[in-house]
Amino acid sequence: MSKSWSATLRLPKSSFPPRPLPAQREKYIQQCADQLYEWQRLNRPADDAFILHDGPPYANGNLHVGHALNKVLKDMILRVKVQQGKQVEYIPGWDCHGLPIELKALEKANISGETKLTPVEVRKSARNLASNTVLKQMKTYRSLGVMADWDRRWTTMDAAYEVRQLRLFQKMVKKGLIYRKFKPVYWSPSSRTALAEAELEYRDDHVSNSAWIRFPIESDWRSQSQFKDIQSEIEGNLYAVIWTTTPWTLPANKAIAVHDDLTYCLVRVGGDGLLVAESQLDTFISNLGLEHTGSLKNLQGADLKGLEYRNRLQGENAPLQPIIHADFVSADSGTGMVHIAPGHGMEDYEACRALGLPISAPIDDDGRFTSEAYPDSPELLLSAPSVIEGGSKNVLALLESHGDVLLVKDYVHKYPYDWRTKRPVVVRATEQWFADVASIKDEALKSLDDVRFFPEAGKKRLKSFVSGRSEWCISRQRAWGVPIPALYDANGAAVVNDEVVEHIISVLQERGTHAWWSDASDDEAWIPSSMKGGNYHRGTDTMDVWFDSGSSWTQMQGRADVYLEGTDQHRGWFQSSLLTRIAAGTVGEANFVKGAPFKQLITHGFTLDQEGKKMSKSLGNILEPHQVMDGTLLPPAKRKGKQGSGSSSAAAAATATYDALGPDALRLWVASSDYTRDVVIGVPVLQAVHQTLIRYRTIVKMLLGSLHEAARAAPLTTADHIALAQLADTMAEAGRALDAHEFHRALAAANRWLTNDLSAFYIEALKDRLYCGDGGGVLEPLFFGFLRMLAPVAPLLVEEAWDHRPEWMKRDSSLVHPLHQRYDDPLIDPTRLTCDLDALRADIPVLMATHTAVKAALERARADKVLGSPLQSYVIISAAPGNPKVAAVLDRYVQELDGLFVVSSVAVLDDPPEIGEDVPWSYTQDIVLGDAGAGASEVAGTAVVLPPRYAKCPRCWRYVARVEGALCRRCADVVMLQPK
C-alpha cells in the first residue's frame with residue numbers, strides 16, 4: 001500500500017476516561033443528586049407530586065450495605081418518577097430515641113461501678129450521640145448519589161416532631177384508645193423495659209428445664225360423688241399433674257386449668273392418685289418410666305372443676321387455689337392440666353381476670369425473684385442470678401423436697417429474645433400503657449384493600465400481623481424518649497385526659513422535653529389549674545420507639561405514594577404507621593385524608609454474604625458501602641508494568657490499586673438484584689457488576705467519540721431505522737419494568753439490547769459508514785436513549801457522559817440534559833424517518849434470521865481459516881420456494897444488505913446458486929424463522945458465503961475496488977470532498 005489513508009478516517013475520539021476519576025466524584029454527586037433534586041422541584045409541576053415517605057433508619061452506628069440497598073431503591077424510584085414528569089418529594093428522616101442509643105450513650109460516658117447518670121444526663125448524652133450519627137449517616141447516604149431534600153431532614157427527637165407525636169397521642173386519648181393496666185407484657189431483663197411484639201426475635205434453640213409437677217388436692221375430694229367408688233383405692237393423696245417449660249413461673253401459679261369436655265384418668269401410683277388427660281396417659285407413663293400403674297377411673301374435666309389444691313410456693317398460710325375450665329386447654333400436649341400463672345401469660349391473665357382471681361408476678365426489673373416468690377424462705381429463690389439463669393432450678397429444688405417433682409428434662413423450643421440485646425425475655429405483669437388495637441383493627445385491615453403491594457405477598461403478611469393484635473404496649477421504662485404525658489395521684493393512680501395532655505404539651509413547648517425530668521417533682525407548673533393542690537406528680541415512662549417512628553405520617557398533608565422498607569417492617573414501622581394513622585383518622589377533621597398512610601407498600605429482603613448467610617456483627621460479615629464503591633472487595637486492578645523482582649508481597653499490597661467505580665457500582669448491584677428476595681453480595685456478584693459497568697463505560701466512550709454533527713443531516717438507512725425500532729421496543733419494555741419497580745428486569749432488557757442490538761448488530765453495521773463514509777447514523781438518539789435507561793441506576797455515569805459530550809453538542813443550547821429529559825420524549829425528529837417503523841418491525845424477523853445465517857456461515861469459514869474478516873466475502877441469498885413474503889423482504893432491502901451483514905457484497909437470487917469447481921470455497925447456511933428450540937420454526941431460505949468478487953479497497957478494506965490497490969468509488973468521493 002503506497003499511501004496511508006488512516007488520516008482520512010473518522011476514528012472515535014473522546015475525553016471520557018475508561019475509569020471514573022475519584023477526584024471528580026463529589027462534583028458529579030452534587031450535579032446528579034443535589035442540583036437535580038432542586039431542578040425538578042422548580043421545573044416539575046407541583047400539582048403532580050410524588051411523595052416517598054422515609055422509614056427512618058436508626059441513628060446508631062455505621063451504615064452497612066443493607067442500608068444502601070434501601071436508600072438506592074428509593075432513589076431509583078424517585079428518578080423514574082422525575083423521568084415520568086412528576087415533581088418528587090423525599091425528606092429523609094432518622095429514628096433517634098430508644099434503648100440502643102441510650103445504652104451506647106451510657107457506654108460512651110464510661111459509666112462504671114456505682115456511678116449513675118441522671119435521666120437528664122442520659123438524655124443529653126444520647127441526643128449528642130444521635131445528632132453526630134445522623135450527620136455521619138447522612139454523609140454516607142449522599143455519597144451514594146441519593147437525591148433528597150437534605151436541608152429539611154427530620155428526626156424523631158426534633159421538638160416539633162415530638163409535639164406532633166404528642167398531639168397524635170392526645171387524639172387517641174380523646175377516642176378512649178389509650179389506657180393503663182396491670183397485665184402481662186414482654187419484659188426484657190437485659191434492657192429493663194417492656195417490649196412490643198415488633199421488638200422480639202425468636203430463637204429455635206432455646207433450652208428450658210421442662211418438668212412434670214404434682215400439686216396436692218386438699219379440698220374434701222373424698223366426699224364428692226365422682227370419687228366415692230374409688231376412695232379405698234387411694235390410701236395417700238390425690239394430685240393434679242401439670243407439665244411446664246417455665247418452672248420459674250410456678251411461684252406465680254394461681255390456678256390449674258382443665259377443659260370441661262376432655263377425659264381425664266385417675267391413675268394409682270403407689271398409694272397416691274394422679275390426674276392426667278387420657279390422651280396423654282401413655283406418654284406420661286412412658287416418660288416417667290412408671291410400673292404397676294393402673295387407671296382407676298375416667299372423669300370429665302367438668303367433674304374436676306371446683307377442686308382446690310395447694311401451691312406450696314405460696315407459703316403455708318396461703319389459701320387453696322382452684323381448678324378451673326379454660327378453652328385453650330388441649331389434649332395434644334403436656335398432661336391436659338395447665339398450670340396458670342396470670343402474671344406470666346396472656347391467656348392465663350384473661351382466664352383469671354374473668355374469674356376475679358389474683359394476679360402476681362414476683363420478679364423485679366432485672367428478672368430476679370422478689371421475696372413474694374416464696375414468702376416462707378425467700379432467700380432460697382433470691383440466690384438465683386435471674387429467673388432465666390438458675391431460677392427454674394431453684395424452684396424445682398424447693399418442690400423436690402416435698403417429692404412433687406416427678407421428672408425434669410431439657411426441652412429445646414422456640415423462645416422470644418430481645419432483638420437488641422439478644423437475651424431472653426420473660427412475660428411479666430406490670431403497670432403499662434396500652435393502645436387499643438382491637439377497636440380499630442377492622443378499619444385498619446379494610447384500609448389495605450386499595451394499597452398496592454410489591455411483592456403482592458406483603459399484603460397477606462401485613463394483614464396477618466394486624467389481625468393477630470388486640471392491644472399495643474406503648475410504654476417503656478427508659479429515659480431517652482418522648483414522655484407519656486400522664487400525671488399520677490398520691491396513690492399512684494394515673495390521670496390522663498384531654499385537659500392533662502393539652503397542659504403538658506403547652507409546658508413542653510415552653511420548657512423543652514428535658515424539663516419533664518429536670519424539673520422538681522412537685523413543680524406545679526405541670527399541673528392543670530383545675531387539679532392544683534391534688535398532690536399529683538409526673539410519670540417517667542416513655543413511648544415505644546415504634547410509636548415515635550409510626551407517627552411520622554403526621555408530617556404529610558395526605559397519603560404517601562410509597563413506603564419502602566425491609567420485609568421485617570411488616571411487624572414494625574408499616575404496622576405502627578398504619579395503626580396510628582387509622583386511630584387518628586377516626587377523629588373527624590377537615591382536610592384529613594382517611595385510609596392507610598401509604599398508597600404503595602414495597603418491601604425488600606435482607607442482604608446475604610456470598611455464602612448465603614445473613615449479615616451480622618457476630619459473624620463479622622457485614623460490608624459497608626464504601627468497600628463496594630472503592631473496589632477493595634475485589635482483587636487489585638492490573639496495571640501496565642511490573643514491580644521489581646525484589647519487591648515484597650507487603651510492599652505490593654501497600655502499592656496495590658483498585659478500580660474505584662464509585663456509587664454506580666453499588667447502585668448497579670442493587671438494580672441488578674431481585675430485591676423482593678434476600679440479596680446476595682460478595683466477590684462473584686461484584687465481579688459481574690464490575691464487568692458490566694466497565695462495559696457501559698466502554699460503550700459510552702465509543703458513542704461519545706463517534707457522535708458527529710454531520711450525522712443529523714445524513715439520510716437514514718435501513719440499519720438506522722432498525723436500530724431506532726429496537727431501541728424504542730427496549731425502552732418500552734424497560735419503562736414498564738421501571739414503572740413496576742422491577743429494576744432488574746429493566747436492566748436485563750437494556751443489557752440484551754446493548755449486547756444483541758447495539759453492539760453485535762448496529763455498531764458493527766455502522767462502522768464502515770461511520771469511519772469511512774459520511775459519518776451518518778443514529779448514534780445520537782441511541783446515546784440519549786441508553787442514558788435514559790441508565791439514569792435511575794447509574795446517574796454519575798450519565799452526568800459524566802454529559803460532561804464529556806463533544807464540543808458541538810455543548811454549543812447546542814437546544815439539547816436537554818439526559819437527567820432532565822422525560823423518559824418518553826422523542827429521541828429523533830420524526831420527519832427524518834423515511835419508513836414506517838411498524839411496517840419495518842414486520843420485516844425485522846426475516847432480516848435478523850438472514851443476518852444470523854450469514855454470521856453462522858462466516859464463522860464456519862473463519863474456523864476453517866479460509867477468511868479472516870467478514871469483508872472477504874460475497875453472499876448470495878435466496879428465499880425458499882413458495883415463500884414470497886421472505887423473497888419480498890429480501891428484494892425490498894437488497895441494496896443495503898451488505899452493510900447490514902458487514903460483508904463486501906450481497907446478491908438476492910430466486911434460487912440457490914450452483915457452485916462451480918473454480919470457486920475455491922463456499923459455505924451454505926439455512927435461514928431459519930421462529931424458535932427452533934420450541935419446534936416452531938421454518939426454513940425460509942439459504943445464505944451462501946463465497947470469496948469476494950472484487951479487489952480490496954485500501955481505505956475501507958471492503959472488497960469492492962475495481963482495481964487492486966485503488967480506492968473504491970465511495971472512498972474516492974469522500975477523500976476528494978475532504979479539505980486539503
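Being a predicted model, the structure only gives us computed values, none of them experimental. Values reported hereafter were calculated over all heavy atoms of this structure, with side chains retained and with hydrogens, waters and symmetry mates removed.
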query = Would Glu199 and Val545 count as a side chain to side chain contact (heavy atoms under 4.5 Å, CB included) if you check the C-alpha gap in whole Å, the side-chain angles of each, and the deciding distance to 0.1 Å?
reply = CA-CA 10 Å; Glu199 296 171 295; Val545 290; 4.2 Å; yes

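With hydrogens and angles disregarded, a donor-acceptor distance shorter than 3.5 Å links the side chain of Ser210 to the backbone of Lys409. Checked by atom type and distance alone, the side chain of His259 never pairs as donor or acceptor with a backbone atom of Val329 at under 3.5 Å. No side-chain donor-acceptor contact under 3.5 Å links Tyr264 to the backbone of Lys297. The backbone N or O of Asn237 sits less than 3.5 Å from a side-chain atom of Asp272, completing a donor-acceptor pair. A donor-acceptor pair under 3.5 Å links the side-chain atoms of Arg222 to the main chain of Gln231, judged by distance alone. Using a distance-only test at 3.5 Å, with no hydrogens or angles considered, no donor-acceptor pair links the side chain of Thr246 to the main chain of Trp248.
Residues Leu578 and Leu448 meet the side-chain proximity criterion, which asks for heavy atoms closer than 4.5 Å. At a threshold of 4.5 Å between non-hydrogen side-chain atoms, the residues Lys441 and Val466 count as touching.
The distance from atom OH of Tyr239 to atom CZ of Phe215, rounded to the nearest 0.5 Å, is 12.0 Å.
Between the side chains of Glu565 and Thr603, no donor-acceptor pair of N or O atoms lies under 3.5 Å. There is no side-chain donor-acceptor pair under 3.5 Å between Asp95 and Trp573. For the residue pair Tyr309 / Gln321, a side-chain donor-acceptor distance below 3.5 Å is found, with atom types taken as modelled. There is a side-chain donor-acceptor pair under 3.5 Å between Ser188 and Ser190. Between the side chains of Gln432 and Ser475, a donor-acceptor pair is found at a separation under 3.5 Å. Residues Asp418 and Ser191 have side chains that bring a donor and an acceptor to within less than 3.5 angstrom of each other.
When all heavy atoms of Ala194 and Cys473 are compared, the pair lying nearest together is CB-SG, 4.0 Å. Shown here for Arg180 and Ala494, the closest heavy-atom pair between the two residues is CD-CB, 3.7 Å. The heavy-atom pair separating Leu177 from Ala583 by the smallest distance is CD1-CB, 3.7 Å.
Contact check on Arg203 versus Asp205 returns a salt bridge, with a Lys/Arg side-chain nitrogen under 4.0 Å from an Asp/Glu carboxylate oxygen. Between Arg428 and Asp365 there is a salt bridge, since a side-chain N of the basic residue sits under 4.0 Å from a carboxylate O of the acidic one. A salt bridge does not link Lys104 to Glu107: none of the charged nitrogens lies less than 4.0 Å from a carboxylate oxygen. Salt-bridge check for Asp548 with Arg476: failed, with every basic side-chain N at 4.0 Å or more from each acidic carboxylate O.
At least one test fails for Lys459 against the ring of Phe453: distance under 6.0 Å to the centre or angle within 45° of the axis.
For Phe284 and Trp243, the distance between ring centers is not under 6.0 angstrom. Separation of the Tyr417 and His206 ring centroids falls under the 6.0 Å cut-off.
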